[in-house]
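Below is one structure, written out as structure tokens, with a few remarks after it.
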Amino acid sequence: MLWSKTLETGITKIDEQHKELFKRIDALLDAGNKDRLKETIEFLDSYIVEHFTCEQKMHIDSKYPKATAHKAYHDNYVTTFRKMKGQFMKEGHTLTTSQAVNKNVIDWLKEHIMVHDKEFAAYCKNNGK
Ligand SMILES: [Fe+2]
């Protein structure tokens with residue numbers, strides 16, 4: 001499992017969605033056949049957008065000062081993910097596509113959670129949100 005406790009922000013709703021994301025990315029790397037792979041990528045594609053929309057709503061509702069910058073990180077990630085999706089759909093499971101998932105999907109997500117989502121969690125905690 002790619003998820004670890006150090007990734008917890010302390011905001012239950014966000015943590016639950018992050019866990020689900022990592023679970024699905026695990027499944028993506030494990031997908032044995034093309035149909036399963038396609039299904040998992042399609043799920044991730046919509047789940048990522050759904051999750052980011054939910055986070056962004058929380059940012060706005062709590063008047064988070066870095067809401068705009070945070071949304072820009074999310075938008076960039078969706079673009080990167082869709083590029084990777086195109087590559088996966090074309091080439092299937094190869095060493096190159098797996099490496100792309102590790103670098104562009106997993107590493108980015110971990111870094112984003114550790115830095116930016118935790119920063120939002122700290123803001124909520126410090127401002128009684
Ligand atoms: Fe985020």
Side-chain angles (χ1 to χ4, degrees):
M1 180 62 167
L2 298 162
W3 173 261
S4 80
K5 239 185 138 34
T6 55
L7 291 164
E8 270 175 17
T9 63
I11 300 174
T12 312
K13 197 173 174 183
I14 291 181
D15 289 338
E16 289 306 316
Q17 292 180 0
H18 285 162
K19 275 183 206 167
E20 183 65 23
L21 263 175
F22 279 97
K23 204 173 100 187
R24 297 294 181 147
I25 296 169
D26 262 338
L28 177 68
L29 292 171
D30 272 354
N33 64 59
K34 259 199 157 167
D35 289 345
R36 184 90 189 95
L37 192 67
K38 195 167 179 272
E39 191 187 304
T40 311
I41 287 180
E42 292 297 355
F43 175 89
L44 266 171
D45 192 308
S46 60
Y47 194 77
I48 284 170
V49 173
E50 196 183 305
H51 165 61
F52 286 167
T53 305
C54 174
E55 263 190 19
Q56 285 156 204
K57 189 180 179 310
M58 291 170 87
H59 296 161
I60 290 165
D61 290 348
S62 61
K63 299 187 170 44
Y64 184 44
K66 293 187 174 177
T68 308
H70 200 129
K71 184 182 181 300
Y73 295 130
H74 287 170
D75 291 345
N76 275 336
Y77 188 65
V78 172
T79 306
T80 305
F81 180 84
R82 292 199 169 143
K83 258 188 223 158
M84 188 228 61
K85 176 183 167 183
Q87 193 186 353
F88 238 115
M89 293 300 198
K90 218 165 67 192
E91 298 172 25
H93 228 180
T94 66
L95 184 60
T96 316
T97 51
S98 297
Q99 280 169 344
V101 171
N102 276 301
K103 188 172 169 289
N104 301 329
V105 180
I106 300 168
D107 289 353
W108 185 97
L109 199 57
K110 282 184 175 171
E111 153 92 21
H112 179 80
I113 293 171
M114 292 306 280
V115 178
H116 304 290
D117 290 340
K118 286 201 177 191
E119 199 178 7
F120 171 63
Y123 165 81
C124 290
K125 207 174 160 197
N126 296 335
N127 293 281
K129 306 278 181 184

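Note that ligands are numbered from 1 as they come in the structure, with each ligand's atoms numbered from 1 the same way.
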Atom nearest to the Fe ion (ligand 1) - Asp117, N, O or S atoms considered |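 In Asp117, the heteroatom (N, O or S) nearest the Fe ion (ligand 1) is OD1.
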For the Fe ion (ligand 1), find the closest N/O/S atom belonging to His74 and write down its atom name.
->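 Going through the N, O and S atoms of His74 one by one, NE2 ends up nearest to the Fe ion (ligand 1).
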Counting distance only, does the side-chain N/O of Thr97 pair as donor-acceptor with the main-chain N or O of Gly92 below 3.5 Å?
->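 Such a contact is found between Thr97 side chain and Gly92 backbone.
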Between Tyr64 (side chain) and Gln56 (backbone), is there a donor-acceptor pair under 3.5 Å?
->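 Absent.
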N/O/S atom of His112 inside 2.8 Å of the Fe ion (ligand 1), strictly under |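 His112 does place an N, O or S atom closer than 2.8 Å to the Fe ion (ligand 1).
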Roughly, to 10 degrees, what angle do Glu55 atom OE1 and His70 atom NE2 form around the Fe ion (ligand 1)?
->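 Value, to the nearest 10 degrees: 100°.
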Report, as yes or no, whether the 6.0 Å neighbourhood of atom NZ on Lys71 holds more than 12 heavy atoms from other residues, nucleotides or ligands.
->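 Open.
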Which class fits the ring pair Phe43 and Tyr47: parallel under 30°, tilted 30 to 60°, perpendicular over 60°?
->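 Phe43 and Tyr47: parallel rings.
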